[in-house]
Number of protein chains: 2
Amino acid sequence: MLIVRELSLGPRRFTDLRGGLPGIATNLLAERLRSLEGAGVLERHEVSRPLPGVLYRLTERGEALKPILRDLARWGAPLMLQGQGDDAFDGRWLVFLAELLYSDMSTEGVAPLVMAVSNGAETISILVERDSVRIEPAEEPTADVRIEADPSTLFAILSGQLTPEQAEASGTAVIKGNTRARKRLATLAARVGLIPAPS
Amino acid sequence: MLIVRELSLGPRRFTDLRGGLPGIATNLLAERLRSLEGAGVLERHEVSRPLPGVLYRLTERGEALKPILRDLARWGAPLMLQGQGDDAFDGRWLVFLAELLYSDMSTEGVAPLVMAVSNGAETISILVERDSVRIEPAEEPTADVRIEADPSTLFAILSGQLTPEQAEASGTAVIKGNTRARKRLATLAARVGLIPAPS
DNA sequence: CTGCATCCGCTTCGATACTG
DNA sequence: CAGTATCGAAGCGGATGCAG
């Protein structure tokens with residue numbers, strides 16, 4: 001599952017996968033890749049640029065796991081509030097997190113809004129339009145709101161567990177944007193319907 | 001996940017769970033149950049009837065995993081065609097299998113139909129009605145078609161990988177029902193859209 | 001540098017015996 | 001029925017080596 005999660009962000013090299021799976025033994029990764037290839041979940045693809053090597057990518061059957069992983073992530077997302085422990089957070093997951101929370105949300109009654117969200121290293125944009133929400137893996141210069149915080153605070157704000165004001169007051173987040181834009185953010189965040197985890 | 005799968009069919013006792021998880025060590029099961037209770041996935045419930053003991057049941061958060069498990073099962077279902085190896089098949093999973101294949105299928109253009117499906121030990125009924133498909137965990141005496149076969153053949157027939165005639169010819173299935181009913185079965189089975197697994 | 005294979009210490013597991 | 005205790009076997013994380 002972790003390998004599929006990595007590949008769900010796009011084709012990756014052996015070394016990229018290693019980097020995304022801290023602690024995995026190289027023989028185990030190699031064996032799992034063979035096994036997943038045999039099961040028709042991923043394909044090997046030899047490439048010569050930028051460096052000679054092998055690209056691993058999901059097959060159609062592997063792609064079919066993506067919505068399931070997203071639902072599993074959505075189920076587990078409330079646990080992010082309990083802090084990360086020694087879990088790692090890859091900046092590229094910001095897109096995944098935003099899609100998880102907003103991708104099939106209704107925008108009924110909410111005015112368009114552009115949000116820039118950053119964990120310090122990477123920045124993404126959430127574009128709330130008339131009848132859909134789009135996620136972009138880059139910073140929109142026209143953003144109405146800008147939020148910068150650690151992953152678990154970002155999650156707390158985006159999922160409505162923490163208001164922008166509370167997050168700013170606790171000093172864990174820096175937020176820029178006028179009152180109207182913040183209000184629209186709060187309205188959207190309140191629509192994220194997750195079942196909270198205990199304690 | 002396997003424990004949640006077991007509990008997704010209803011509350012179970014320690015011994016029931018053991019029976020549904022062949023090979024699990026009792027200490028491991030006990031530890032997992034404590035862990036899952038702590039994580040808010042299941043609850044312990046002491047009962048005195050029919051025998052004094054403990055019932056385990058999913059919490060609301062645990063119930064939220066059921067559709068995810070169903071989607072995972074749907075993803076993995078094509079692998080049933082490759083035979084079971086030493087995998088076990090619990091007769092109670094027939095309901096799960098039928099729901100997985102038919103529960104949110106459109107019945108447009110298909111006349112009502114009652115099917116009785118049996119693996120020899122348990123029998124369930126699939127009731128195709130005007131605008132929905134219902135699964136019953138019992139045999140309907142009014143069934144238009146009766147199918148009896150081993151789990152992987154049942155799956156092959158119900159998912160349209162094998163026609164009723166092919167299955168009968170190979171001697172792995174016994175099917176009773178007139179031509180019209182068989183034809184409706186084939187039409188429904190063809191609507192199950194699973195991505196086939198390789199070889 | 002990429003993509004592995006090999007080896008080792010440790011954790012975890014399956015199996016079984018036993019208890020309130 | 002609902003677990004706890006114990007033990008050998010298997011699998012894993014981590015370090016290291018090495019061919020293309």
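None of these values were measured; they are calculated from a predicted model. All heavy atoms count here, side chains included; hydrogens, waters and symmetry mates do not.
Protein atom CD of A:E46 is 11 Å distant from nucleotide atom C1' of C:dG3, rounded to whole Å. Residue A:L29 contributes atom CG, which lies 10 Å from atom C1' of C:dC4 at whole-angstrom precision. With rounding to whole Å, A:L28 atom CG is found 17 Å from D:dA10 atom P. Atom P of nucleotide D:dG3 and atom CD of B:E37 are separated by 10 Å, given to the nearest angstrom. One can place CG of A:L55 at 19 Å from P of C:dC1, the figure rounded to the nearest angstrom. At whole-Å resolution of the value, CG in B:L33 and C1' in D:dC1 are 14 Å apart. For the pair B:E31 CD and D:dT4 C1', the computed distance is 12 Å after rounding to whole Å. Distance A:R12 CZ to C:dC4 P: 17 Å, rounded to the nearest Å.
When the side-chain nitrogen and oxygen atoms of B:R13 are compared with OP1 and OP2 of D:dA2, one or more of them lie within a distance under 4.0 Å. The side chain of B:R44 contributes an N or O atom lying less than 4.0 Å from OP1 or OP2 of D:dG3. Note on B:Y56: a side-chain N or O is less than 4.0 Å away from OP1 or OP2 of D:dG3. Contact annotation: B:R34 side-chain N/O to D:dA2 OP1/OP2 distance is not under 4.0 Å.
Salt bridge status for A:R182 with A:E168: present, with a side-chain N to carboxylate O gap under 4.0 Å. A salt bridge is absent between B:R146 and B:E148; no separation between the charged side-chain nitrogens and carboxylate oxygens falls under 4.0 Å. Salt-bridge formation is not detected for the pair A:D90/A:R5: no Lys NZ or Arg NE/NH1/NH2 atom is positioned less than 4.0 Å from an Asp or Glu carboxylate oxygen. Comment: A:K66 engages A:E63 in a salt bridge, judged by a side-chain N to carboxylate O separation of less than 4.0 angstrom.
Residue A:F14 places its side chain closer to C:dG3 than to any other of C:dG3, D:dT6, D:dG3. Considering only side-chain atoms of B:L51, the nucleotide from C:dC7, D:dC1, C:dA15 that sits closest is D:dC1. Among the nucleotides D:dG13, D:dA2, C:dG14, the one closest to any side-chain atom of A:I24 is D:dG13.
Counting distance only, with no hydrogens placed and no angle test, the side-chain atoms of B:T26 and the base atoms of C:dA15 include no donor-acceptor pair under 3.5 Å.
The residue A:A25 sits close to a base: some heavy atom pair falls under 4.0 Å. Using a 4.0 Å heavy-atom distance criterion, B:R32 is classed as a sugar-phosphate-only contact.
In this structure, A:E139 and A:S118 have side chains that are not in contact, with every pair of non-hydrogen atoms separated by 4.5 Å or more.
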